[in-house]
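Lettering of chains follows the sequences in order, A, B, ..., and the numbering in each one begins at 1. What you see is a predicted model; the values in this text were computed from it and never measured.
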2 protein chains.
Amino acid sequence: MTKSTRSDTKSDAAFPRRGHDHHRCVADALSQAEALCAQRGARLTEIRKQVLALVWESHAPIGAYQILEKLAESGKRPAPIAVYRALDFLMEQGFVHRLASRNAFLGCGHPDTNHQAQFLICDSCGSVAELADSRIVDAIADRAGRSGFAVAGHVVEIQGTCPDCRKAAHA
Amino acid sequence: MTKSTRSDTKSDAAFPRRGHDHHRCVADALSQAEALCAQRGARLTEIRKQVLALVWESHAPIGAYQILEKLAESGKRPAPIAVYRALDFLMEQGFVHRLASRNAFLGCGHPDTNHQAQFLICDSCGSVAELADSRIVDAIADRAGRSGFAVAGHVVEIQGTCPDCRKAAHA
DNA sequence: GGTCATTTTGTTACATTATAACGTGACGTG
DNA sequence: CACGTCACGTTATAATGTAACAAAATGACC
Ligand SMILES: [Zn+2]
Ligand SMILES: [Zn+2]
Ligand SMILES: [Zn+2]
Ligand SMILES: [Zn+2]
C-alpha cells in the first residue's frame with residue numbers, strides 16, 4: 001500500500017499521548033470491568049480488582065512479581081500464585097493481555113469485545129500500543145490458509161521506538 | 001533475497017512433509033552452519049555443533065533444558081549456562097530462532113540470509129513452519145508507520161493446527 | 001617455541017517466572 | 001442449614017534464564 005500520510009489524525013491514536021489524563025484510563029478500565037463482570041456473573045474480587053488496577057498503573061507492561069511487590073507495599077504480600085490466579089482470571093475475562101516477548105501483562109483497551117490483539121512495544125520507554133489491525137490479521141489468515149494451517153490464535157508483538165521517544169531522540 | 005512468498009500454489013511447502021528424509025535436514029543444517037562459520041570467521045565449537053544438532057532433531061521447538069537432558073544422555077552434563085551460551089551464539093549467527101510464546105528454540109531453515117521470520121506452530125504435533133511472508137511484514141510496517149512507530153523487530157507466532165494434523169483429526 | 005590478547009568453557013551460585021498440591025473459607029442455592 | 005462450587009491461603013517446588021569469576025583453548029605475533 002501507500003505511505004498513507006502521517007497527517008490523518010496527526011498520528012493514529014495507537015499510543016496514548018504523553019501527559020494524558022491517565023486517571024481516566026484507570027477509572028474507565030475498572031468501571032468497565034465491574035460492569036462486564038456484573039453482566040457475566042463473574043466475580044471481580046478485591047485482589048482481582050487490585051491486580052487490575054496495578055496492571056493499569058501505566059501503559060507499559062508489568063511483570064507478575066512487580067505486581068506482587070506493589071501489593072506488598074500496600075500492606076499484604078500474597079503468594080505469587082495469588083497474583084497469577086488473578087491474572088488468569090483477568091485474561092479469561094479479556095481485561096488483561098500477556099506479552100509473550102516480555103513475560104509481562106498489560107491492561108486491555110477494549111475488554112468488551114473478543115479480539116486478537118497485536119502490540120507495538122517501545123524499547124525505549126516501555127509503553128505499548130494495542131492494535132486490532134485487520135490487514136495484519138488478514139495477511140496471517142491468508143498465509144496460513146495457503147499452507148493448509150487452521151489458525152487458532154496468534155502472538156504479534158512489534159518492537160521498536162514509539163513516536164514520543166523518536167522525537168526525544170531527534171532532539 | 002528469495003521470493004519465496006508468492007504463488008507457490010497449493011499447499012505452500014511451509015510444513016515439511018511427514019516422513020520426509022529428516023536426516024537430510026540435519027545434515028544440511030550442519031553443513032551450512034560449518035560453511036557460514038568458515039566464511040564469517042566464527043567458531044562452530046563442539047558444544048555449539050551438538051546443540052545445533054539437537055535443535056534440529058525435529059521440526060518442533062525444543063526447550064533449553066530438554067537440550068541439556070539430551071546432552072546428559074550422551075555423556076556430559078554441562079551447566080545450563082553452557083546451553084544458553086551455545087544458543088546465543090547460534091541465534092547471533094542466525095542458525096536458530098527462539099519462539100517467545102513457547103520459551104523454545106528451533107533450527108532456522110535459511111540461515112544464510114538476514115531475516116525476520118514468522119512461525120506457524122501446530123498445537124497438536126508441535127511442529128513449526130518458518131515463514132518469510134512479505135504481506136505480513138508489509139502490513140506490520142504499514143501499520144507501525146501510520147502510528148509513527150519505528151519498527152526494530154517483531155515476534156509473529158501463529159498457533160493452530162497443521163495440515164497433517166487436520167487430516168488426522170478428520171479421520 | 002614463547003608471549004599475549006581474545007574467545008570459549010567450567011564452576012558455582014543465584015535470579016526470575018510460573019505452577020502443584022492441598023486445605024480452608026466464602027458464597028450462593030435450595 | 002446442608003451442599004456444591006468457587007476463590008483464597010499456605011507451602012513447596014518446577015521451569016527458565018543469568019551473574020561472576022576462574023581456567024583453558026585458540027590464534028596472532030614475534
Ligand atoms: Zn492512560
Ligand atoms: Zn517510547
Ligand atoms: Zn526435516
Ligand atoms: Zn501438527
Side-chain angles (χ1 to χ4, degrees), chain A residues 33-34 36-52 54-55 60-72 74-93 95-106 121 126 155 157, chain B residues 33-34 36-55 60-72 74-93 95-106 126 155 157:
Chain A
E34 299 262 22
L36 289 168
C37 280
Q39 262 181 44
R40 298 171 185 168
R43 290 158 60 188
L44 190 61
T45 61
E46 192 53 31
I47 190 172
R48 290 168 176 176
K49 202 184 303 186
Q50 287 177 331
V51 168
L52 182 58
L54 287 171
V55 164
I62 185 173
Y65 280 78
Q66 288 175 266
I67 293 172
L68 193 59
E69 278 312 306
K70 304 224 177 205
L71 286 172
S74 45
K76 329 114 214 272
R77 172 180 294 271
I81 186 94
V83 173
Y84 282 102
R85 286 199 280 228
L87 287 168
D88 283 345
F89 170 84
L90 295 169
M91 286 191 290
E92 271 166 29
Q93 296 297 321
F95 302 161
V96 162
H97 294 289
R98 180 172 186 275
L99 298 190
S101 64
R102 303 275 174 133
N103 298 324
F105 302 84
L106 180 70
I121 308 174
V155 172
E157 299 176 12
Chain B
E34 298 263 22
L36 288 167
C37 281
Q39 262 182 44
R40 296 170 185 169
R43 291 159 58 190
L44 189 61
T45 61
E46 193 51 31
I47 190 172
R48 290 169 177 173
K49 202 185 302 184
Q50 288 177 331
V51 169
L52 182 57
L54 287 171
V55 163
I62 185 173
Y65 280 76
Q66 287 175 266
I67 292 171
L68 194 57
E69 278 312 307
K70 303 225 175 204
L71 285 172
S74 46
K76 327 114 214 274
R77 173 180 293 271
I81 186 103
V83 172
Y84 282 103
R85 286 198 281 227
L87 287 168
D88 283 345
F89 170 84
L90 295 169
M91 285 191 289
E92 273 167 28
Q93 296 297 322
F95 301 160
V96 163
H97 294 290
R98 180 173 189 275
L99 298 189
S101 64
R102 302 274 174 131
N103 299 325
F105 302 84
L106 181 70
V155 171
E157 298 174 13

Rounded distance in Å - [atom1] ([X]) to [atom2] ([N]):
X       : N      : atom1 : atom2 : result
A/Arg85 : D/dA7  : CZ    : P     : 11 Å
A/Phe89 : D/dT5  : CZ    : P     : 19 Å
B/Arg43 : D/dA25 : CZ    : P     : 12 Å
B/Gln93 : C/dT7  : CD    : P     : 13 Å
B/Gln50 : C/dT8  : CD    : C1'   : 15 Å
A/Tyr84 : C/dT17 : OH    : P     : 7 Å
B/Glu46 : D/dT26 : CD    : P     : 11 Å
B/Leu71 : C/dG10 : CG    : P     : 11 Å

- Checking all strands, does A/Arg98 fall into the base, sugar-phosphate, or nothing category for heavy-atom contacts under 4.0 angstrom?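 Touches sugar-phosphate only.
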- Message: So B/Arg48, base contact, sugar-phosphate only, or nothing? Heavy-atom distance under 4.0 Å.
- Response: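 Since only primed, P, OP1 and OP2 atoms lie under 4.0 Å of B/Arg48, the category is sugar-phosphate.
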Side-chain touch [X]/[Y], heavy atoms, less than 4.5 angstrom:
X        : Y        : result
B/Glu157 : A/Glu157 : no
B/Gln50  : B/Ile67  : no
B/Arg98  : B/Met91  : yes
B/Arg48  : B/Arg43  : yes

- To the side chain of B/Thr45, which of D/dC8, C/dT11, C/dT9 is closest? C/dT9
- Task: Choose from D/dT18, C/dT19, C/dT8 the nucleotide whose nearest atom is closest to any side-chain atom of A/Ile81.
- Result: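 For A/Ile81, the side-chain atoms sit closest to C/dT19.
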- If each of B/Ala82 and A/Asn103 is mapped to the nucleotide of DNA chain C with the nearest heavy atom, which maps nearer the 5' terminus, i.e. the 5' end? B/Ala82
- Task: Classify the side chain of A/Tyr65 versus the base of C/dA18 as yes if they form a donor-acceptor pair under 3.5 Å and no if they do not.
- Result: yes
- Message: Could you check whether any side-chain N or O of A/Gln66 sits under 3.5 Å from a backbone N or O of A/Gly63, counting only pairs where one atom can act as donor and the other as acceptor?
- Response: yes
